[in-house]
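FYI, side chains are in, hydrogens and waters are out, and symmetry mates aren't considered; it's all heavy atoms of this structure. Read the numbers this way: they start at 1 and go in the same order the structure lists the ligands and their atoms. Fair warning: this is a prediction, and the values are worked out from it, not measured in the lab.
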Amino acid sequence: MVQVSARIANLAVSETLAMSQKSNELKSQGINVINLSVGEPDFFTPEHIKKAAKQAIDDNFSFYTPVPGYLSLRQAICKKLERENGLSYKPEQIICSNGAKQAVCNALLAVVDPGDEVIIPAPCWVSYVEMVKLAEGESRVIRTGIEQDFKINAAQLEAAITPKTRAIVLCAPSNPTGSVYSKTELEALANILAKYPNIIIIADEIYEHINYVGKHESIAQFENIRDRVVIINGVSKAYAMTGWRLGWMAAPQWIASACNKLQGQYTSGPSSIAQKAAEAAYLGDQQCVVDMRDAFMRRRDLIVKLASEIEGFKVNKPEGAFYLFPECSYYIGKSYNGKKIETSADLAMFLLEEGHVACVGGLAFEAPDYIRFSYATSDENIIEAMRRVKETLSKLK
Ligand code: PMP
Ligand code: GLU
């Protein structure tokens, strides 16, 4: 029989995108679904960024772009890294890609050989484990729970390291938990990693600007590991540009060069128009970033309050990103109309079909007792969604 490769057959579907698609299907049938599944800002891209994109079209930015992105964009990213993070990079160390998603995958494909281990602190974003599979590596998931605010500590990290460890993917602020590591916490991890010179640190900082506790701290600031850190970032979340598909890495030269080669054979440079828009985002007024962050923080407070009032939910107070990740094991094993909720994915499906609220079960994030709500939506939607969740869950016996 003709069939797809084992590589693709073994790959899981992205659960975040699948739940969002399912929610949109129900919406197109006229059902009033509130979509708290996919994580993307509900704001429109700021005007000055859209204007730069329109100008780029008129100025005929219509040709293939350099594989790592326009030099002018990479210079703008270097300025951003200097200005906001106090980190000095050369434009040659920046590779722009089709979203931060491709940048993470590039980094893993560039350093992981078959059988190499990649440490992934969990709960983790759905795509990391699958990307490691694409690179034919093995994921070593470190589990954490709500009682430690979903953050790994130095002892847990050291216990997970083996002679085969090749990389760690650290996401902060975190998707799906919103946890933010303090400088001291990051330093403790850096001090462990400093003892293992073969480990590459992939620091996914896509939620850098959605941080409610102050200045973003990058693990790249620690000199003892600096030459092994790959920073991942992009414009999707900070500038409300998810559909533009523009992310990047700032990496040691040998990794940047490897990704340049990979991208040259695989996708070429990202969209010319998106790049010119991203350049305007990084060089323009940053007030839009602050305004959106403030709105997310207000919504965080609202959803934390409402979700805390739901029986059986254990809730913490996330310090960044726009996700709430309640512990919901209270409902696993309960039933409605003779149908048993076996997993948090069943619970998410029940909430969608019965309560018309889309969210994502924790299993996809390597955390089966939890459920994820994205609160990047209006106050009214948050209030109505939590009302529906409370009412729907009360039907489970
Ligand atoms: N990393 C994390 C943790 C994310 O949540 C996302 C959102 N999809 C990405 C990377 C990718 O972002 P994008 O490809 O839209 O830049
Ligand atoms: N990162 C977002 C999420 O977790 C977007 C969807 C995706 O690419 O996974 O919902």
Side-chain angles (χ1 to χ4, degrees), residues 11-24 35-43 45 69 73 77 94-108 120-132 150 168-181 202-211 216 218 230-250 263 267 270-271 274-275 277-278 281-282 296 318 320-325 348 358-367 370-377:
L11 197 67
V13 168
S14 168
E15 187 84 3
T16 45
L17 299 180
M19 281 307 279
S20 186
Q21 195 179 326
K22 176 113 188 131
S23 152
N24 290 337
N35 188 358
L36 306 188
S37 62
V38 74
E40 65 175 338
D42 57 325
F43 298 109
T45 302
L73 172 58
I77 292 168
I94 312 293
I95 304 289
C96 301
S97 301
N98 299 291
K101 197 175 239 176
Q102 189 188 3
V104 177
C105 202
N106 278 351
L108 286 166
I120 304 182
C124 55
W125 180 43
V126 291
S127 295
Y128 298 147
V129 170
E130 301 307 315
M131 288 171 176
V132 170
F150 305 108
I168 173 170
V169 185
L170 192 70
C171 180
S174 157
N175 176 4
T177 65
S179 294
V180 175
Y181 285 81
I202 301 174
D204 187 341
E205 303 186 353
I206 190 80
Y207 295 98
E208 162 176 18
H209 293 98
I210 308 172
N211 175 333
H216 173 72
S218 174
V230 180
I231 295 179
I232 306 289
N233 210 327
V235 292
S236 285
K237 317 286 172 171
Y239 300 96
M241 293 176 70
T242 46
W244 296 79
R245 310 309 304 130
L246 204 289
W248 48 267
M249 70 165 61
Q263 210 164 266
T267 57
S271 150
Q275 287 190 58
Y282 285 121
F296 289 133
F322 37 59
Y323 305 105
L324 188 71
F325 205 59
C359 57
V360 187
L363 198 57
F365 306 99
E366 304 287 331
Y370 296 81
I371 197 156
R372 191 190 79 172
F373 297 104
S374 164
Y375 57 84
T377 187

- Contact partition for Lys101 relative to ligand 2, non-hydrogen atoms under 4.0 Å: side chain
- Query: Do Pro41 and Phe322 come close enough that some side-chain heavy atom pair is under 4.5 Å?
  - Reply: yes
- Query: Where's the contact between Thr242 and ligand 2, heavy-atom distance under 4.0 Å: side chain, backbone, both or neither?
  - Reply: neither
- Query: Mind checking whether Phe43 and Phe296 have parallel, tilted or perpendicular rings, split at 30° and 60°?
  - Reply: perpendicular
- Does Met19 come within less than 4.0 Å of ligand 2, judged by its heavy atoms? no
Note every protein N or O atom lying under 3.5 Å from an N or O atom of ligand 1, pairing the names and giving the distance.
residue	atom	partner	partner atom	Å
ligand 1	1 (N)	Asp204	OD2	2.6
ligand 1	5 (O)	Asn175	ND2	2.7
ligand 1	5 (O)	Tyr207	OH	2.7
ligand 1	14 (O)	Ala100	N	3.1
ligand 1	14 (O)	Lys101	N	3.0
ligand 1	14 (O)	Arg245	NH1	3.4
ligand 1	14 (O)	Arg245	NH2	2.7
ligand 1	15 (O)	Ser236	OG	2.7
ligand 1	15 (O)	Arg245	NH1	2.8
ligand 1	16 (O)	Ala100	N	2.6
ligand 1	16 (O)	Ser236	OG	3.1

- What's the shortest heavy-atom distance between Ile371 and Gly361, and which atoms? CG1-CA, 4.4 Å
- Calculate, to the nearest 0.5 Å, the distance between atoms CZ and SG belonging to Arg372 and Cys359 respectively. 9.5 Å
- Note on the structure: Honestly, for Tyr323 the part within reach of ligand 2 (heavy atoms, under 4.0 Å) is side chain
- Message: Checking the N or O distance criterion of under 3.5 Å, is ligand 2 in contact with Arg372?
- Response: yes
- Message: Whether the side chain of Gln263 engages the backbone of Cys96 through a donor-acceptor N/O pair (distance < 3.5 Å, no angle test) should be reported.
- Response: yes
- Tell me, with the steps shown, if Ser23 and Ser20 meet side chain to side chain donor-acceptor pair (under 3.5 Å). CA-CA 5 Å; Ser23 152; Ser20 186; 5.6 Å; no
- Which of the numbered atoms in ligand 2 are below 4.0 angstrom from a heavy atom of Val38? 5 (C), 6 (C), 10 (O)
- atom 10 (O) of ligand 2: nearest protein contact (heavy atom, Å): Gly39 N, 2.6 Å
- Between atom OG of Ser97 and atom CZ of Arg245, what is the distance when rounded to the nearest 0.5 Å? 10.0 Å
- Contact partition for Glu15 relative to ligand 2, non-hydrogen atoms under 4.0 Å: neither
- Mind checking whether Leu17 contacts ligand 2 via backbone (N, CA, C, O), side chain (CB onward), both or neither, at a 4.0 Å heavy-atom cut-off? side chain
- Query: Hey, looking at atom 9 (O) of ligand 2, which of Thr16, Ile206, Asn175 has the closest heavy atom?
  - Reply: Thr16
- Query: Tell me, do Tyr282 and Ile77 make a side-chain contact under 4.5 Å, heavy atoms counted?
  - Reply: yes
- What are the two closest non-hydrogen atoms of Ile206 and Asn233, and how far apart are they? CA-OD1, 3.7 Å
- Sequence neighbours excluded, every pair satisfying salt bridge (charged side-chain N to carboxylate O under 4.0 Å, His left out) that has a member inside residues 94-104: none
- Query: Strictly under 6.0 Å, is that where the ring centroids of Tyr323 and Tyr375 end up?
  - Reply: no
